[in-house]
Amino acid sequence: MNPDYNEIILRNRTNREPMSFERLKFLCYFAAGMVAEVLGFGLAFVIVLGMAGVLR
């Protein structure tokens, strides 16, 4: 393998720190918000179709 290629890989590798609790909380809230938005839209769609008499 090319030694220059290995040097590039090792140079770009940084010491990774674990994710902070605040960032984890933000990502969980974001994912929960996306799921709630999709499910809420689906529920509203089913209610509108049910009131229109399409779902029988």
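Given the structure is predicted, the values throughout are model-derived calculations rather than measurements. In what follows, residues are counted from 1 in the order of the sequence shown.
Tracing side-chain contacts under 4.5 Å through hydrophobic residues (I, L, V, M, F, W, Y), one never reaches Leu39 starting from Val46; they form parts of separate clusters.
With contacts defined as side-chain heavy-atom distances shorter than 4.5 Å, the pair Ser20/Leu24 does not qualify.
The side-chain contact (heavy atoms from CB on, under 4.5 Å) test with Met51 is passed by exactly one of Val48, Leu49, Ile47: Ile47.
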